[in-house]
Amino acid sequence: MKTVFALVDCNNFYASCEKLFRPDLKHTPVVVLSNNDGCVVARSKEAKALGLKMGVPLFQVQDEIRKHGIVCFSSNYALYADLSNRVMTIIEQEAPRVEVYSIDEAFMDLTGVDHVVDLLTFGKQVKAKVDQWTGITVGVGIAPTKTLAKLANNAAKKYPATGSVVDLMDPDRQKRLLALVDVSDVWGVGRRTTEKLRSRGIHTALDLANADPKTIRSEFSVVMERTVRELNGVSCLDLECVRPTKQQIICSRSFGHKVTDKQELREAIAKYTTRAAEKLRGEKRLCRVVSVFIRTSPFIPNEPQYAKTLSAELPNPTDDTRDLLDVADVMFHQLWRAGFRYMKAGVMLADFYEHGAFQQDLFRLDSTKINSKALMTVVDQINHSGLGNVFFASQGVSPQWTMKREHLSPAYTTKWSDLRDVY
DNA sequence: TCTGGGGTCCTAGGACCC
DNA sequence: TCTGGGGTCCTAGGACCC
(Lines give C-alpha, C1' and ligand atoms only; values in the text may rest on other atoms or scores of the structure.)
Protein backbone atom coordinates (compact mmCIF):
# COMPACT_ATOMS: atom_id res chain seq x y z
CA MET A 1 0.00 0.00 0.00
CA LYS A 2 1.21 3.50 -0.75
CA THR A 3 2.52 5.21 2.35
CA VAL A 4 0.97 8.47 3.51
CA PHE A 5 2.49 10.72 6.15
CA ALA A 6 1.25 13.96 7.65
CA LEU A 7 3.45 16.43 9.47
CA VAL A 8 1.61 18.62 11.97
CA ASP A 9 3.68 21.58 13.13
CA CYS A 10 2.68 24.30 15.59
CA ASN A 11 3.05 27.87 14.31
CA ASN A 12 5.62 30.02 16.13
CA PHE A 13 5.15 27.63 19.01
CA TYR A 14 6.86 29.33 21.97
CA ALA A 15 5.57 32.75 20.98
CA SER A 16 2.06 31.34 20.54
CA CYS A 17 2.20 29.73 24.00
CA GLU A 18 3.07 33.08 25.60
CA LYS A 19 0.31 34.86 23.66
CA LEU A 20 -2.33 32.35 24.76
CA PHE A 21 -2.27 33.80 28.25
CA ARG A 22 -1.87 37.39 27.16
CA PRO A 23 -4.82 38.24 24.92
CA ASP A 24 -3.77 41.87 25.26
CA LEU A 25 -0.76 40.98 23.09
CA LYS A 26 -2.85 39.42 20.34
CA HIS A 27 -1.51 41.68 17.59
CA THR A 28 1.72 42.72 19.30
CA PRO A 29 5.08 41.46 18.02
CA VAL A 30 6.47 38.97 20.55
CA VAL A 31 9.79 37.15 20.78
CA VAL A 32 10.97 34.38 23.08
CA LEU A 33 14.60 34.33 24.21
CA SER A 34 16.99 31.44 24.78
CA ASN A 35 18.43 30.64 28.18
CA ASN A 36 20.22 33.62 29.72
CA ASP A 37 18.07 35.82 27.52
CA GLY A 38 20.85 35.38 24.97
CA CYS A 39 19.27 34.85 21.55
CA VAL A 40 15.89 35.16 19.88
CA VAL A 41 14.59 31.59 19.51
CA ALA A 42 10.96 32.18 18.57
CA ARG A 43 9.06 35.03 16.94
CA SER A 44 5.38 35.75 16.53
CA LYS A 45 4.26 36.48 12.99
CA GLU A 46 4.27 40.22 13.71
CA ALA A 47 7.90 39.96 14.88
CA LYS A 48 8.82 38.01 11.76
CA ALA A 49 7.17 40.66 9.63
CA LEU A 50 9.43 43.26 11.25
CA GLY A 51 12.40 41.34 9.89
CA LEU A 52 13.69 39.92 13.19
CA LYS A 53 15.85 36.92 12.44
CA MET A 54 15.90 33.58 14.22
CA GLY A 55 18.91 33.07 16.48
CA VAL A 56 20.17 36.66 16.59
CA PRO A 57 21.74 37.76 19.87
CA LEU A 58 19.37 39.97 21.84
CA PHE A 59 21.88 42.81 22.24
CA GLN A 60 22.12 43.21 18.48
CA VAL A 61 18.40 43.92 18.12
CA GLN A 62 17.72 45.91 21.29
CA ASP A 63 17.14 49.10 19.30
CA GLU A 64 14.55 47.51 17.03
CA ILE A 65 12.82 45.96 20.01
CA ARG A 66 12.47 49.33 21.68
CA LYS A 67 11.49 51.11 18.50
CA HIS A 68 8.69 48.70 17.56
CA GLY A 69 7.50 47.90 21.06
CA ILE A 70 8.33 44.22 20.68
CA VAL A 71 7.56 42.25 23.85
CA CYS A 72 10.26 39.80 25.04
CA PHE A 73 9.77 36.64 27.08
CA SER A 74 12.45 34.49 28.72
CA SER A 75 11.93 30.87 27.74
CA ASN A 76 9.48 29.04 30.00
CA TYR A 77 9.92 25.40 29.01
CA ALA A 78 7.59 24.11 31.69
CA LEU A 79 4.75 26.02 30.01
CA TYR A 80 5.70 24.94 26.48
CA ALA A 81 6.04 21.28 27.48
CA ASP A 82 2.62 21.32 29.10
CA LEU A 83 0.90 22.85 26.07
CA SER A 84 2.83 20.52 23.78
CA ASN A 85 1.42 17.53 25.67
CA ARG A 86 -2.10 18.81 25.15
CA VAL A 87 -1.56 19.23 21.40
CA MET A 88 0.10 15.82 21.04
CA THR A 89 -2.69 14.08 22.94
CA ILE A 90 -5.20 15.38 20.39
CA ILE A 91 -3.05 14.33 17.43
CA GLU A 92 -2.60 10.86 18.90
CA GLN A 93 -6.36 10.44 19.00
CA GLU A 94 -6.60 11.09 15.26
CA ALA A 95 -4.27 8.38 13.94
CA PRO A 96 -3.19 4.91 15.06
CA ARG A 97 0.52 5.65 14.66
CA VAL A 98 2.06 8.97 15.63
CA GLU A 99 5.66 10.03 16.13
CA VAL A 100 6.14 13.03 18.39
CA TYR A 101 9.16 14.41 16.58
CA SER A 102 9.85 17.48 18.70
CA ILE A 103 8.13 19.74 21.17
CA ASP A 104 6.07 21.33 18.38
CA GLU A 105 5.94 18.72 15.62
CA ALA A 106 4.41 15.28 15.09
CA PHE A 107 4.28 12.88 12.15
CA MET A 108 1.07 10.90 11.63
CA ASP A 109 0.78 7.70 9.62
CA LEU A 110 -2.23 8.21 7.35
CA THR A 111 -1.68 5.13 5.19
CA GLY A 112 -5.05 3.83 4.07
CA VAL A 113 -6.94 6.84 5.38
CA ASP A 114 -7.55 8.10 1.84
CA HIS A 115 -9.87 5.16 1.22
CA VAL A 116 -12.19 6.56 3.86
CA VAL A 117 -11.86 10.32 3.67
CA ASP A 118 -10.25 12.88 1.42
CA LEU A 119 -6.77 13.66 2.81
CA LEU A 120 -7.14 17.42 2.54
CA THR A 121 -10.42 17.26 4.46
CA PHE A 122 -8.80 15.06 7.09
CA GLY A 123 -5.93 17.51 7.52
CA LYS A 124 -8.30 20.42 7.94
CA GLN A 125 -10.23 18.50 10.61
CA VAL A 126 -7.08 17.83 12.61
CA LYS A 127 -6.07 21.46 12.36
CA ALA A 128 -9.51 22.69 13.42
CA LYS A 129 -9.59 20.39 16.43
CA VAL A 130 -6.17 21.46 17.71
CA ASP A 131 -7.03 25.12 17.13
CA GLN A 132 -10.32 24.83 18.95
CA TRP A 133 -9.21 22.73 21.90
CA THR A 134 -5.86 24.37 22.67
CA GLY A 135 -5.79 27.74 20.93
CA ILE A 136 -2.57 26.73 19.19
CA THR A 137 -2.62 27.04 15.39
CA VAL A 138 -0.92 24.36 13.34
CA GLY A 139 0.04 23.68 9.74
CA VAL A 140 -0.43 20.25 8.14
CA GLY A 141 1.61 18.79 5.26
CA ILE A 142 0.56 15.48 3.70
CA ALA A 143 2.81 13.45 1.38
CA PRO A 144 4.06 9.92 0.61
CA THR A 145 7.35 10.42 2.53
CA LYS A 146 8.41 12.26 5.65
CA THR A 147 10.80 14.50 3.70
CA LEU A 148 8.03 15.53 1.28
CA ALA A 149 5.60 15.99 4.20
CA LYS A 150 8.10 18.46 5.66
CA LEU A 151 8.11 20.42 2.40
CA ALA A 152 4.32 20.27 2.18
CA ASN A 153 4.17 21.67 5.69
CA ASN A 154 6.56 24.51 4.77
CA ALA A 155 4.34 25.33 1.81
CA ALA A 156 1.26 25.31 4.05
CA LYS A 157 2.91 27.98 6.19
CA LYS A 158 4.28 30.02 3.33
CA TYR A 159 1.15 30.25 1.17
CA PRO A 160 -1.91 31.54 3.06
CA ALA A 161 -4.21 30.46 0.22
CA THR A 162 -3.66 26.86 1.28
CA GLY A 163 -5.46 27.42 4.56
CA SER A 164 -2.39 25.92 6.26
CA VAL A 165 -3.08 22.42 4.92
CA VAL A 166 -1.30 21.02 1.86
CA ASP A 167 -1.87 17.63 0.21
CA LEU A 168 1.27 16.78 -1.77
CA MET A 169 0.39 13.23 -2.81
CA ASP A 170 0.26 14.07 -6.51
CA PRO A 171 3.68 13.60 -8.26
CA ASP A 172 3.14 16.51 -10.65
CA ARG A 173 2.37 18.77 -7.74
CA GLN A 174 5.50 17.53 -5.98
CA LYS A 175 7.64 18.47 -8.99
CA ARG A 176 6.13 21.93 -9.23
CA LEU A 177 6.76 22.63 -5.54
CA LEU A 178 10.27 21.15 -5.55
CA ALA A 179 11.26 23.48 -8.40
CA LEU A 180 10.37 26.46 -6.19
CA VAL A 181 12.19 25.31 -3.07
CA ASP A 182 15.84 26.14 -2.39
CA VAL A 183 17.90 23.04 -1.69
CA SER A 184 18.90 24.44 1.71
CA ASP A 185 15.25 24.19 2.81
CA VAL A 186 15.18 20.42 2.38
CA TRP A 187 15.07 18.43 5.62
CA GLY A 188 18.54 17.02 6.30
CA VAL A 189 20.39 19.54 4.14
CA GLY A 190 22.37 21.85 6.40
CA ARG A 191 24.77 24.69 5.74
CA ARG A 192 27.80 22.61 4.80
CA THR A 193 25.90 20.28 2.52
CA THR A 194 24.19 23.22 0.81
CA GLU A 195 27.59 24.70 -0.12
CA LYS A 196 28.80 21.40 -1.48
CA LEU A 197 25.61 20.78 -3.47
CA ARG A 198 25.69 24.28 -4.97
CA SER A 199 29.25 23.75 -6.15
CA ARG A 200 27.92 20.77 -8.09
CA GLY A 201 25.16 22.80 -9.73
CA ILE A 202 22.37 21.58 -7.44
CA HIS A 203 20.36 24.61 -6.36
CA THR A 204 16.72 23.59 -5.96
CA ALA A 205 15.02 20.68 -4.26
CA LEU A 206 14.11 19.45 -7.74
CA ASP A 207 17.79 19.44 -8.78
CA LEU A 208 18.51 17.26 -5.76
CA ALA A 209 15.58 14.96 -6.51
CA ASN A 210 16.95 14.49 -10.05
CA ALA A 211 20.50 13.72 -8.89
CA ASP A 212 21.81 10.17 -9.11
CA PRO A 213 21.36 8.50 -5.70
CA LYS A 214 24.51 6.38 -6.06
CA THR A 215 26.68 9.40 -6.85
CA ILE A 216 25.16 11.31 -3.96
CA ARG A 217 25.90 8.39 -1.66
CA SER A 218 29.56 8.25 -2.63
CA GLU A 219 30.09 12.01 -2.52
CA PHE A 220 27.98 12.67 0.58
CA SER A 221 26.58 9.82 2.64
CA VAL A 222 23.90 7.22 2.91
CA VAL A 223 21.79 9.81 4.73
CA MET A 224 21.76 12.14 1.74
CA GLU A 225 21.00 9.23 -0.59
CA ARG A 226 17.87 8.54 1.45
CA THR A 227 16.91 12.20 1.13
CA VAL A 228 17.14 11.97 -2.68
CA ARG A 229 14.93 8.89 -2.72
CA GLU A 230 12.43 10.43 -0.33
CA LEU A 231 12.16 13.51 -2.57
CA ASN A 232 11.15 11.10 -5.34
CA GLY A 233 8.33 9.69 -3.27
CA VAL A 234 10.12 6.54 -2.12
CA SER A 235 9.65 6.26 1.63
CA CYS A 236 12.92 5.40 3.41
CA LEU A 237 12.19 6.84 6.85
CA ASP A 238 9.45 5.20 8.89
CA LEU A 239 7.76 6.58 11.97
CA GLU A 240 9.52 6.06 15.26
CA CYS A 241 6.48 5.72 17.44
CA VAL A 242 8.22 4.56 20.60
CA ARG A 243 10.82 6.98 21.81
CA PRO A 244 14.19 5.25 21.55
CA THR A 245 15.99 5.04 24.89
CA LYS A 246 18.48 7.83 25.35
CA GLN A 247 22.15 7.17 24.64
CA GLN A 248 23.39 10.11 26.63
CA ILE A 249 22.20 12.82 28.98
CA ILE A 250 23.71 16.29 28.82
CA CYS A 251 23.24 19.08 31.29
CA SER A 252 25.09 22.28 30.45
CA ARG A 253 24.55 26.01 30.62
CA SER A 254 26.17 29.24 29.69
CA PHE A 255 26.52 31.47 32.72
CA GLY A 256 24.73 34.76 33.26
CA HIS A 257 28.16 36.34 33.75
CA LYS A 258 31.73 35.12 33.22
CA VAL A 259 32.91 32.97 36.12
CA THR A 260 36.43 33.30 37.50
CA ASP A 261 35.96 31.88 40.99
CA LYS A 262 36.83 28.23 41.48
CA GLN A 263 34.18 27.52 44.09
CA GLU A 264 31.49 29.13 41.98
CA LEU A 265 32.34 26.94 39.01
CA ARG A 266 32.56 23.91 41.25
CA GLU A 267 29.03 24.51 42.51
CA ALA A 268 27.77 24.85 38.96
CA ILE A 269 29.24 21.46 38.09
CA ALA A 270 27.60 19.97 41.17
CA LYS A 271 24.25 21.42 40.18
CA TYR A 272 24.45 20.09 36.61
CA THR A 273 25.53 16.70 37.91
CA THR A 274 22.53 16.63 40.23
CA ARG A 275 20.17 17.58 37.44
CA ALA A 276 21.69 15.00 35.08
CA ALA A 277 21.24 12.33 37.76
CA GLU A 278 17.56 13.28 38.10
CA LYS A 279 17.11 12.88 34.35
CA LEU A 280 18.91 9.53 34.53
CA ARG A 281 16.53 8.25 37.20
CA GLY A 282 13.65 9.58 35.12
CA GLU A 283 14.86 7.32 32.32
CA LYS A 284 15.11 4.47 34.83
CA ARG A 285 18.70 3.83 33.84
CA LEU A 286 22.09 3.47 35.46
CA CYS A 287 25.17 5.02 33.93
CA ARG A 288 28.83 4.12 34.00
CA VAL A 289 30.56 7.01 32.21
CA VAL A 290 30.59 10.61 33.40
CA SER A 291 32.16 13.53 31.50
CA VAL A 292 32.70 17.08 32.68
CA PHE A 293 33.69 20.07 30.57
CA ILE A 294 34.44 23.71 31.23
CA ARG A 295 35.17 26.38 28.64
CA THR A 296 35.82 30.07 28.07
CA SER A 297 33.94 32.11 25.48
CA PRO A 298 35.06 31.66 21.88
CA PHE A 299 33.28 34.93 21.09
CA ILE A 300 35.97 36.96 22.83
CA PRO A 301 38.99 36.22 20.63
CA ASN A 302 41.43 38.48 22.45
CA GLU A 303 41.02 36.63 25.72
CA PRO A 304 43.03 33.54 26.63
CA GLN A 305 40.97 30.51 25.69
CA TYR A 306 40.63 27.25 27.54
CA ALA A 307 38.30 24.34 26.89
CA LYS A 308 38.68 20.81 28.11
CA THR A 309 36.60 17.70 28.72
CA LEU A 310 37.43 14.81 31.01
CA SER A 311 35.65 11.47 31.23
CA ALA A 312 35.69 8.81 33.89
CA GLU A 313 34.34 5.31 34.09
CA LEU A 314 32.70 4.26 37.34
CA PRO A 315 33.46 0.84 38.81
CA ASN A 316 29.75 -0.04 38.70
CA PRO A 317 26.81 1.59 36.91
CA THR A 318 24.90 3.90 39.25
CA ASP A 319 22.04 6.39 39.47
CA ASP A 320 23.04 7.69 42.89
CA THR A 321 23.63 11.44 42.81
CA ARG A 322 26.34 11.11 45.46
CA ASP A 323 28.42 8.66 43.37
CA LEU A 324 28.19 10.98 40.37
CA LEU A 325 29.00 14.08 42.42
CA ASP A 326 32.13 12.39 43.78
CA VAL A 327 33.58 11.51 40.40
CA ALA A 328 32.52 14.81 38.78
CA ASP A 329 34.24 16.76 41.54
CA VAL A 330 37.51 14.87 41.09
CA MET A 331 37.43 15.66 37.37
CA PHE A 332 36.57 19.27 38.02
CA HIS A 333 39.69 19.72 40.12
CA GLN A 334 41.78 18.22 37.32
CA LEU A 335 40.13 20.50 34.75
CA TRP A 336 40.34 23.73 36.68
CA ARG A 337 42.88 26.34 35.56
CA ALA A 338 42.96 29.71 37.28
CA GLY A 339 43.17 32.93 35.30
CA PHE A 340 40.43 32.29 32.76
CA ARG A 341 36.94 33.78 32.51
CA TYR A 342 34.67 30.77 32.12
CA MET A 343 31.54 31.03 30.03
CA LYS A 344 30.06 27.58 30.11
CA ALA A 345 30.29 24.21 31.82
CA GLY A 346 28.48 20.93 31.55
CA VAL A 347 28.13 17.34 32.61
CA MET A 348 27.42 14.36 30.35
CA LEU A 349 26.30 10.89 31.34
CA ALA A 350 26.71 7.89 29.01
CA ASP A 351 27.02 4.12 28.80
CA PHE A 352 23.60 3.27 30.23
CA TYR A 353 22.39 0.04 31.79
CA GLU A 354 19.08 -1.27 33.00
CA HIS A 355 18.71 -2.04 36.66
CA GLY A 356 19.98 -5.52 37.45
CA ALA A 357 21.35 -6.12 33.97
CA PHE A 358 25.04 -5.40 34.23
CA GLN A 359 28.28 -7.08 35.15
CA GLN A 360 29.44 -6.25 38.65
CA ASP A 361 33.02 -5.18 39.16
CA LEU A 362 34.74 -8.29 40.47
CA PHE A 363 36.72 -6.46 43.11
CA ARG A 364 33.99 -4.21 44.39
CA LEU A 365 31.15 -6.59 44.79
CA ASP A 366 28.73 -4.06 46.14
CA SER A 367 29.63 -0.43 45.97
CA THR A 368 25.97 0.59 46.14
CA LYS A 369 25.49 3.00 48.97
CA ILE A 370 23.19 1.92 51.77
CA ASN A 371 19.55 2.86 51.09
CA SER A 372 20.55 4.59 47.88
CA LYS A 373 17.28 3.92 46.10
CA ALA A 374 15.12 5.06 48.99
CA LEU A 375 17.08 8.27 49.45
CA MET A 376 17.08 9.21 45.76
CA THR A 377 13.37 8.47 45.48
CA VAL A 378 12.58 10.75 48.39
CA VAL A 379 14.80 13.54 47.00
CA ASP A 380 13.08 13.34 43.61
CA GLN A 381 9.62 13.25 45.17
CA ILE A 382 10.22 16.32 47.29
CA ASN A 383 11.64 18.27 44.36
CA HIS A 384 8.71 17.35 42.12
CA SER A 385 6.05 17.91 44.76
CA GLY A 386 6.05 21.67 44.45
CA LEU A 387 6.29 21.87 48.24
CA GLY A 388 9.98 22.35 48.63
CA ASN A 389 13.45 21.75 47.37
CA VAL A 390 16.24 19.63 48.79
CA PHE A 391 19.72 19.60 47.35
CA PHE A 392 23.26 18.53 48.02
CA ALA A 393 25.52 20.86 49.93
CA SER A 394 28.08 20.96 47.14
CA GLN A 395 25.63 22.89 44.96
CA GLY A 396 26.00 25.91 47.20
CA VAL A 397 23.22 27.80 48.92
CA SER A 398 22.89 30.99 46.92
CA PRO A 399 24.57 30.53 43.60
CA GLN A 400 25.72 33.63 41.74
CA TRP A 401 25.94 31.98 38.37
CA THR A 402 22.29 31.16 37.68
CA MET A 403 20.58 32.03 34.45
CA LYS A 404 19.46 35.46 33.51
CA ARG A 405 15.66 35.32 33.03
CA GLU A 406 14.42 38.84 33.23
CA HIS A 407 11.25 38.36 31.18
CA LEU A 408 9.81 35.15 32.59
CA SER A 409 6.07 34.58 32.29
CA PRO A 410 4.15 33.17 35.29
CA ALA A 411 3.43 29.47 35.88
CA TYR A 412 0.06 29.60 34.11
CA THR A 413 -0.54 25.87 33.87
CA THR A 414 2.26 24.40 35.94
CA LYS A 415 3.72 24.35 39.42
CA TRP A 416 6.15 27.05 40.45
CA SER A 417 8.71 24.38 41.23
CA ASP A 418 8.74 23.44 37.53
CA LEU A 419 10.18 26.86 36.80
CA ARG A 420 13.54 25.92 38.29
CA ASP A 421 16.08 26.62 35.60
CA VAL A 422 15.98 23.06 34.40
CA TYR A 423 15.76 21.83 30.82
C1' DT B 1 28.57 44.40 28.75
C1' DC B 2 25.40 40.99 25.96
C1' DT B 3 26.09 35.00 21.10
C1' DG B 4 20.99 28.45 23.65
C1' DG B 5 20.73 23.57 25.02
C1' DG B 6 20.13 18.86 24.07
C1' DG B 7 20.26 15.33 21.16
C1' DT B 8 21.21 11.71 16.98
C1' DC B 9 23.65 9.45 13.29
C1' DC B 10 27.53 8.62 10.20
C1' DT B 11 32.37 8.27 8.85
C1' DA B 12 37.25 7.85 8.99
C1' DG B 13 41.05 6.12 11.07
C1' DG B 14 43.67 3.63 14.55
C1' DA B 15 44.23 -0.48 17.43
C1' DC B 16 43.95 -5.05 17.60
C1' DC B 17 43.15 -9.84 16.33
C1' DC B 18 43.78 -14.00 13.59
C1' DT C 1 65.99 -9.19 -0.87
C1' DC C 2 61.38 -10.69 2.06
C1' DT C 3 56.79 -7.31 5.92
C1' DG C 4 48.99 -9.76 4.17
C1' DG C 5 44.54 -8.78 4.45
C1' DG C 6 40.20 -8.84 6.38
C1' DG C 7 37.24 -8.14 10.23
C1' DT C 8 35.78 -5.76 14.43
C1' DC C 9 35.72 -2.45 17.91
C1' DC C 10 36.36 2.08 19.59
C1' DT C 11 36.79 7.05 19.40
C1' DA C 12 36.81 11.71 17.71
C1' DG C 13 34.83 14.78 14.91
C1' DG C 14 31.51 16.42 11.58
C1' DA C 15 26.89 17.36 10.22
C1' DC C 16 22.35 17.82 11.16
C1' DC C 17 17.94 18.49 13.75
C1' DC C 18 14.63 21.37 16.75
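Labels below follow one simple rule: chain letters A, B, ... track the order of the sequence lines, proteins then strands, and each chain is numbered from 1.
Taking the P atom of each, B:dT3 and C:dC18 are spaced 24 Å apart, rounded to whole Å.
Taking A:N210 as the reference, A:L206 meet the side chain to side chain contact (heavy atoms under 4.5 Å, CB included) condition, with sequence neighbours excluded. By the side chain to side chain contact (heavy atoms under 4.5 Å, CB included) test, A:K19 pairs with A:V30, A:S44, A:E46, sequence neighbours left out. A:N153 pairs by the side chain to side chain contact (heavy atoms under 4.5 Å, CB included) definition with A:L7, A:D9, A:K157, not counting sequence neighbours. A:A312 meets the side chain to side chain contact (heavy atoms under 4.5 Å, CB included) test with A:V327, A:M331; sequence neighbours excluded. A:F107 pairs by the ring pair (Phe, Tyr, Trp, His ring centres under 6.0 Å) definition with A:Y101, A:W187, not counting sequence neighbours.
Where DNA chain B pairs in unbroken runs of 3 or more (Watson-Crick or G-U, both distances under 3.5 Å), the stems are B:5-18 with C:5-18.
Side chains of A:S254 and A:N36: no donor on one and acceptor on the other come within 3.5 Å. Side chains of A:Y353 and A:R288: a donor-acceptor N/O pair is present below 3.5 angstrom, by distance only. For the 3.5 Å distance criterion, the side chains of A:R281 and A:T321 qualify, holding a donor opposite an acceptor. With 3.5 Å as the limit, one finds no donor-acceptor pair spanning the side chains of A:T318 and A:D320.
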Which pairs would a plain distance check flag for residues 243-250 of chain A, meaning a side-chain donor or acceptor within less than 3.5 Å of a matching protein atom at least two apart in sequence or in another chain?
| from | atom 1 | to | atom 2 | distance (Å) |
| --- | --- | --- | --- | --- |
| A:R243 | NH1 | A:E283 | OE2 | 3.3 |
| A:Q247 | NE2 | A:T245 | O | 3.2 |

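Of the residues in residues 41-69 of chain A, A:P57, A:F59 come within less than 4.0 Å of DNA chain B through at least one heavy atom, sorted by number. Sorted by residue number, the list of members of residues 209-242 of chain A with any non-hydrogen atom under 4.0 Å from DNA chain C is empty. Residues from residues 187-205 of chain A that place a heavy atom under 4.0 Å from any atom of DNA chain C, listed by number: A:W187, A:G188, A:V189, A:G190, A:R191, A:R192, A:T193. Near DNA chain C, meaning a heavy atom under 4.0 Å from it, residues 135-146 of chain A has no residue at all.
Side chain of A:S34 to main chain of A:C39: a donor-acceptor pair is present (N/O by atom type, distance under 3.5 Å, no hydrogens or angles). The main-chain N or O of A:M169 is found under 3.5 Å from a side-chain atom of A:Q174 such that the two form a donor-acceptor pair.
Nucleic acid contact for A:I249: sugar-phosphate only, since backbone atoms but no base atoms lie under 4.0 Å from a heavy atom of the residue. Among the protein residues, A:D104 comes within range of the sugar-phosphate backbone only, with heavy atoms under 4.0 Å from sugar or phosphate atoms but none that close to a base.
Note on A:D82 versus A:R86: salt bridge recorded, some NZ/NE/NH1/NH2 to OD/OE distance being below 4.0 Å. Residues A:E195 and A:R198 are not paired through a salt bridge, judged by the lack of any N-O separation under 4.0 Å between the basic side chain and the carboxylate. Salt-bridge check for A:D131 with A:K127: passed, with a basic side-chain N closer than 4.0 Å to an acidic carboxylate O. A salt bridge does not link A:K150 to A:D185: none of the charged nitrogens lies less than 4.0 Å from a carboxylate oxygen.
Using cut-offs of 30° and 60° on the angle between ring planes, the pair A:Y77 and A:Y14 is perpendicular.
Taking every nucleotide of DNA chain C with any atom under 4.0 Å from a non-hydrogen atom of chain A, the first and last of them, 5' to 3', are C:dA15 to C:dC18.
Separating the CZ atom in A:R341 from the CD atom in A:E303 is a distance of 4.5 Å, to the nearest 0.5 Å.
Residue order along DNA chain B, read from the 5' end via each residue's closest nucleotide, puts A:M343 first among A:M343 and A:Q247.
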